Structure formats: structure tokens, C-alpha cells
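Below: one structure, written as C-alpha cells.
Please read all numbers here as calculations on a predicted model, not as lab measurements. Numbers restart at 1 for each chain; the letters A, B, ... are given by sequence-line order, proteins then strands.
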There are 2 protein chains.
Amino acid sequence: MSRDETDPISRAEQSEGTAGTACCAEVPKVEEDTVVADVQLLSALGNDTRYELVRRIRAAESDVCVCDLEAAVGLSQSAVSQALSRLYSAGLVTRRKEGSWRYYSLTDDAEQLVETFDALRTDDE
Amino acid sequence: MSRDETDPISRAEQSEGTAGTACCAEVPKVEEDTVVADVQLLSALGNDTRYELVRRIRAAESDVCVCDLEAAVGLSQSAVSQALSRLYSAGLVTRRKEGSWRYYSLTDDAEQLVETFDALRTDDE
DNA sequence: CTACTATATTAGAATATGCTTATATTAGCA
DNA sequence: TGCTAATATAAGCATATTCTAATATAGTAG
């Protein structure tokens with residue numbers, strides 16, 4: 001698929017205050033919302049604890065409860081709960097309540113991102 | 001492509017110390033190196049300044065010198081240099097020297113990651 | 001009701017991050 | 001050589017992050 005049209009970046013636009021500089025071309029501005037939204041996802045995943053949780057949830061056959069994740073990553077219950085909350089508000093996991101347990105699983109976004117990283121490693125470019 | 005075989009996660013394995021717990025299945029362990037390597041990339045991208053730099057470099061027609069990026073993101077020369085260094089050591093940008101200028105462009109990894117994010121937004125799942 | 005279990009939330013301390021300022025390096029030119 | 005421009009690096013401060021410990025909430029069982 002060609003991505004030039006769907007690209008959310010506005011091209012060829014006045015940069016702010018450096019119109020006639022010497023060294024190279026204008027640098028187009030980037031959609032502010034795009035940056036903020038993507039960084040939200042990236043920074044939620046860009047942490048050892050949270051990324052390991054995502055990986056473990058994905059590797060499990062079914063959805064996973066907090067108590068088992070807690071044992072798996074070796075942190076306090078509170079730390080795991082906070083990490084999962086952050087992943088939840090970033091839209092990377094969903095949760096389902098069953099009795100007093102909460103079962104977490106990945107969203108499609110998270111699945112796709114993890115797959116992309118696996119692909120990068122596989123292509124070893 | 002089926003990803004079940006290339007998946008770098010070791011499945012169905014003793015979790016550490018919670019063998020007979022009640023609530024749910026075992027949580028497989030995750031390759032430590034995988035987590036560390038991916039988080040390296042994710043945390044490098046997961047910052048407003050650095051992600052905006054990546055977006056701007058990508059949006060430019062050719063590779064971009066530090067001075068123009070500096071003007072574009074509105075931070076000090078030092079801040080931009082540090083951000084680009086971080087992106088460089090994460091393997092997200094390459095740099096080429098021409099005279100006293102340094103021209104930065106994206107690596108294939110960075111291209112692919114940004115494309116993935118655009119795709120997530122486009123599919124609006 | 002009480003007691004217990006699973007999870008969430010709050011508070012606070014230790015550490016990490018990201019900027020600015022100042023200084024170092026490197027290239028080009030007189 | 002010395003001067004200037006482009007970039008990199010170092011030091012330090014302000015703020016953000018991420019834990020732990022303590023407490024709150026909700027659900028289950030007696």
C-alpha cells in the first residue's frame with residue numbers, strides 16, 4: 001500500500017522563523033495530536049515492567065489475572081496493579097471482572113505493536 | 001504469516017514459586033533480551049521531543065541537519081543534539097557528515113515503526 | 001455482621017529523565 | 001596560525017517516573 005496520501009503529516013509548510021537559512025530544506029511541521037497520541041502509547045510500552053507484562057499476557061493461552069502476573073514479574077501487587085492501569089488507560093489491555101479477579105488481555109493495538117517488534121527482529125535489518 | 005513459531009517467547013514453563021495457585025493458568029516467562037531490546041526502542045521513541053524529531057525527519061524530502069531541527073522543535077541546540085544522539089544509539093536514525101553539518105535520516109526500523117502507528121490510526125480499531 | 005482475598009488507590013521516597021548553561025570538539029576559511 | 005560556525009559533551013537543576021508500604025474498596029464465605 002502507498003502511504004504517501006494517508007500520511008498524517010502536513011508537508012511543505014512554513015517553518016517558524018528560519019525561512020532563509022543556509023544549510024538545508026524546510027522541515028515540515030508535524031500534527032501535534034499525532035505526536036501526543038503516539039507518544040502516549042510508546043511511553044506506556046517503553047518500560048521494562050509494563051512491556052514484560054504485555055509480553056506475558058500475550059504469551060499466555062488465555063487472559064491472565066493480576067495475582068499470577070504479580071508472581072511472574074517479581075514486584076509488589078501495587079506495582080503490578082499500577083502498571084496494568086497505565087496500560088489500560090493507554091488502550092493496550094482490556095480487563096474483565098470475574099468474581100474478585102480481574103483478567104487482563106491485550107487489545108488489537110498492543111497485539112499489532114508487539115508483532116511489529118517481532119517482525120523487526122526477524123527481518124534483522 | 002503465522003507467528004506462532006517465530007514467537008520469541010518460551011511457552012508453558014514453570015513460573016517462579018506459584019505452581020499450585022488457584023486462580024488461573026501459568027504465566028510463561030519472556031525472553032529477557034527481547035524485553036530489554038524492545039524497551040530500548042520504545043523508550044527512545046516515547047518522548048515528545050524525540051518522536052517529533054523522528055516525525056519531522058521522516059516528513060522531510062531529504063535528510064535533515066541539526067540546525068533546522070533545532071529551529072523546528074523550539075529547543076536549544078544542546079537538547080536537540082542530545083535527543084538525536086539517543087535516537088542514534090537506539091538505532092532509529094543514521095547520520096552522515098557533510099562539512100561541519102550532520103544530516104540525519106531514519107533507519108528502516110524507525111520507518112517501519114512510524115508506519116505501524118499510522119496504520120493503527122488509519123484502521124481506527 | 002466479620003473475616004479473608006483480590007485488586008485499586010494514595011503517599012512518599014529513591015531514582016531517572018530532559019532540559020539549560022557552559023565548555024569541548026571539529027570543520028572551513030582568512 | 002586564529003576566528004567563526006555547527007555539533008557534541010558535561011554538569012547540574014527541576015521535574016517525572018516507579019517503586020514500596022499503607023490504606024481503601026469490592027467480592028466471597030462463614
Spacing of Arg102(B) atom CZ relative to dT26(C) atom P, expressed in whole Å: 11 Å

Below 4.0 Å: OP1/OP2 of dA8(C) and any side-chain N or O of Tyr104(A): yes

From dA27(C), dT7(C), dT20(C), nucleotide with atom closest to Ser76(B) side chain: dT20(C)

Nearest-angstrom distance from the residue atom CG of Asp68(B) to P of dA6(D): 10 Å

Atom pair distance, as rounded to whole Å: CD in Glu70(A) and C1' in dA21(D): 14 Å

Rounded distance (nearest 0.5 Å) linking atom CZ of Arg58(A) with atom CG of Asp63(A): 15.5 Å

Glu115(A) side, atom CD; Asp108(A) side, atom CG - distance, nearest 0.5 Å: 9.5 Å

Expected output: side-chain Thr122(B) to main-chain Asp118(B) donor-acceptor under 3.5 Å: yes

Nucleic acid contacts - residues 77-93 of chain B versus DNA chain D, non-hydrogen atoms under 4.0 Å: Gln77(B), Ser78(B), Ser81(B), Gln82(B), Ser85(B)

Separation of dT7(D) P from Tyr103(B) OH (nearest whole Å): 8 Å

Minimal non-hydrogen separation, Thr49(B) against Ala83(B), with atom names: CG2-CB, 4.1 Å

Pair Ser78(B), Gln82(B): side-chain N/O donor-acceptor within cut-off below 3.5 Å: yes

Arg121(B) and Asp38(A): CA distance, side-chain angles, deciding distance, salt bridge (Lys or Arg N to Asp or Glu O under 4.0 Å) verdict: CA-CA 9 Å; Arg121(B) 230 186 331 280; Asp38(A) 289 0; 2.6 Å; yes

Side chain to side chain contact (heavy atoms under 4.5 Å, CB included) partner of Phe117(B), the single match among Asp109(A), Leu41(A), Thr34(A): Leu41(A)

Nearest-angstrom distance from the residue atom CG of Leu75(B) to C1' of dT20(C): 10 Å

Nearest-Å distance for atom pair CZ/P, residues Arg96(B) and dA6(D): 16 Å

Contacting residues from residues 42-51 of chain A, given that a heavy atom lies under 4.0 angstrom of DNA chain D: Asn47(A), Thr49(A), Arg50(A)

Protein-nucleotide distance (Glu52(A), atom CD; dT18(D), atom C1'), rounded to Å: 15 Å

Pairwise side-chain contact, Ser62(A) with Tyr103(A), heavy-atom cut-off 4.5 Å (strictly under): no

Exercise: do Arg50(A) and Ser43(A) side chains pair donor with acceptor under 3.5 Å: no

Whole-Å gap separating C1' (dT7(C)) and NZ (Lys97(A)): 8 Å

